[in-house]
Amino acid sequence: MATEMMVLAAFYANPANPASGRDAQATGMCRSIGPMDYPASKLRIGTHTAFAREHYPHRIEEFTRTPLGCGDIVMLGDSLTERHDWNGSLKAKAIVHNRGIAGDTTDGVLVRLDEVIAAQPRAVFVMIGTNDLWSANSAKRAVGNIEKIIATVICGSPRTRIFVQTVLPIRSEPERNIKVRAINAKLREVASSQGAVLIDTYSMAVDGNGLLKAEFTDDGVHLTAAGYAAWVDLLNGAIAEERGVLAGG
């Protein structure tokens, strides 16, 4: 807990933090990425399921073979992120790397940020929290973890533009949407306080009954092609607004 508080304290004290009002362009340079920038293969995340405990180290091993490039764009998340080809669909003027891990939680993302910081990415898109719905994490803890993710990246890579995406509703177990809404209710405040951009993916995907739109899912949680198409359109709109920073063409 002390370490987590130090991260947040460093973020708020950092003069290069966008929230401080100073230009962050003069801070941070990319460095070589090595084995120490990835979680140890034996690391166990308490909120991971049996599937995630097996899949997580395999995915990390894939990342070590294809490390991030300096100044690229990073998509951080779980299976919703892992299952899509972002580099082929986002209209950005940089390579887009998929750093989604199926089954991952906010706890799992927190311990794999060293690679991101080393690469000093142009932008990071965070979409995490769905698997926390089935974990012991409260909505408060999930939001707190997302806040720490943002703070850690900005503290180590102040030039990085961070986009925080609201958690999508689910259709298979409607009662879990209470937790979804509780998380999302706090994310706008978190994004604003840390100088991040909030992208309201929840509103894009929710139907009139508060569920994930039927045409967006086959299993109640994961997205269909139609769901990804809508998501990509939303992200490309956000990218277009960052003219001169992210948008290509």
Side-chain angles (χ1 to χ4, degrees), residues 1-8 10-11 28-87 94-138 141-157 160 162 164-165 167 221-223:
M1 180 63 71
T3 300
E4 293 171 350
M5 293 305 294
M6 286 175 65
V7 167
L8 287 173
F11 166 74
M29 296 293 291
C30 302
R31 61 173 174 79
S32 297
I33 296 173
M36 296 302 292
D37 293 309
Y38 300 95
S41 60
K42 293 184 179 180
L43 178 68
R44 293 294 178 265
I45 307 298
T47 48
H48 278 178
T49 62
F51 165 79
R53 286 193 294 273
E54 180 178 354
H55 184 63
Y56 188 91
H58 290 309
R59 227 9 212 153
I60 295 296
E61 176 61 26
E62 291 178 12
F63 298 162
T64 66
R65 296 195 298 268
T66 57
L68 300 175
C70 182
D72 290 338
I73 293 173
V74 181
M75 308 296 291
L76 268 179
D78 49 35
S79 59
L80 294 170
T81 299
E82 183 180 346
R83 289 181 173 209
H84 190 67
D85 174 19
W86 300 103
N87 193 51
I95 296 173
V96 182
H97 293 268
N98 189 324
R99 286 302 186 255
I101 300 182
D104 205 6
T105 59
T106 55
D107 298 297
V109 171
L110 259 177
V111 299
R112 56 182 176 99
L113 297 175
D114 286 351
E115 181 200 24
V116 176
I117 291 169
Q120 300 285 297
R122 186 185 302 261
V124 171
F125 289 80
V126 180
M127 167 60 93
I128 194 69
T130 297
N131 291 305
D132 290 70
L133 303 178
W134 284 270
S135 79
N137 281 352
S138 64
R141 178 177 172 86
V143 171
N145 282 346
I146 294 171
E147 183 175 19
K148 291 168 193 169
I149 290 167
I150 301 168
T152 300
V153 173
I154 293 181
C155 186
S157 184
T160 298
I162 298 183
V164 180
Q165 301 168 84
V167 178
V221 177
H222 298 100
L223 296 179

For this session: Answer yes or no: is there a side-chain heavy-atom contact under 4.5 Å between Trp134 and Val221?
Result: yes

For this session: State which residues pass salt bridge (Lys or Arg N to Asp or Glu O under 4.0 Å) with Asp104; sequence neighbours excluded, sorted by chain then number.
Result: Arg112

For this session: Measure the shortest side-chain to side-chain distance between Arg44 and Arg53 over non-hydrogen atoms and say whether it is less than 4.5 angstrom.
Result: yes

For this session: Measure across Pro57 and Ala52 and return the closest heavy-atom pair with its distance rounded to 0.1 Å.
Result: CD-O, 4.3 Å

Exercise. Would you say Thr152's side chain and Lys148's backbone share a donor-acceptor pair under 3.5 angstrom?
Worked result: yes

Exercise. So do Val126 and Val124 actually touch side chain to side chain, heavy atoms under 4.5 Å?
Worked result: yes

Exercise. Considering all heavy atoms of both residues, which atom of Ile101 and which atom of Ile60 are nearest to each other, and what is their separation?
Worked result: CD1-CD1, 3.9 Å

For this session: Please examine the side chains of Asn87 and Asn98, heavy atoms only from C-beta on, and report whether any two atoms are closer than 4.5 Å.
Result: no

Exercise. Can you name the closest pair of heavy atoms from Ala119 and Cys30 and give their distance?
Worked result: O-SG, 3.2 Å

Exercise. When you look at Asp72 and Val96, which way does the side-chain contact (heavy atoms from CB on, under 4.5 Å) test go after all the steps?
Worked result: CA-CA 6 Å; Asp72 290 338; Val96 182; over 6 Å; no

Seminar exercise, completed: For Asn137, the side-chain contact (heavy atoms from CB on, under 4.5 Å) test, sequence neighbours excluded, returns Thr47, Thr106, Asp107, Asp132, Ser135, Arg141, Asn145

Problem set entry | Donor-acceptor contact below 3.5 Å, side chain Thr160 vs main chain Pro121 | yes

Problem set entry | Test log, rule side-chain contact (heavy atoms from CB on, under 4.5 Å), inputs Leu43 and Val111 | CA-CA 10 Å; Leu43 178 68; Val111 299; 3.6 Å; yes

Problem set entry | Arg31: salt bridge (Lys or Arg N to Asp or Glu O under 4.0 Å) partners, not counting sequence neighbours | Asp37

Problem set entry | From CA spacing to verdict: side-chain contact (heavy atoms from CB on, under 4.5 Å), Tyr38, Ile33 | CA-CA 9 Å; Tyr38 300 95; Ile33 296 173; 3.3 Å; yes

Problem set entry | Residues which pass salt bridge (Lys or Arg N to Asp or Glu O under 4.0 Å) with Arg65, listed by chain and number, not counting sequence neighbours | Glu61

Problem set entry | For Glu62, all residues meeting side chain to side chain donor-acceptor pair (under 3.5 Å), sequence neighbours excluded | Arg59

Problem set entry | Greater than 12 external heavy atoms within 6.0 Å of Ile95's CD1 | no

Problem set entry | Flag, side chain of Glu115 to backbone of Leu68, donor-acceptor distance under 3.5 Å | yes

Taking distance alone, no hydrogens or angles, what donor-acceptor pairs closer than 3.5 Å link side-chain atoms of residues 74-82 to residues at least two apart or in another chain?
residue	atom	partner	partner atom	Å
Asp78	OD1	Leu80	N	3.1
Ser79	OG	His222	NE2	3.0
Glu82	OE1	His55	NE2	3.0
Glu82	OE1	Ala102	N	2.6
Glu82	OE2	His55	NE2	3.2

Seminar exercise, completed: Smallest heavy-atom separation, Gly103 atom then Phe51 atom, equals N-CE2, 4.3 Å

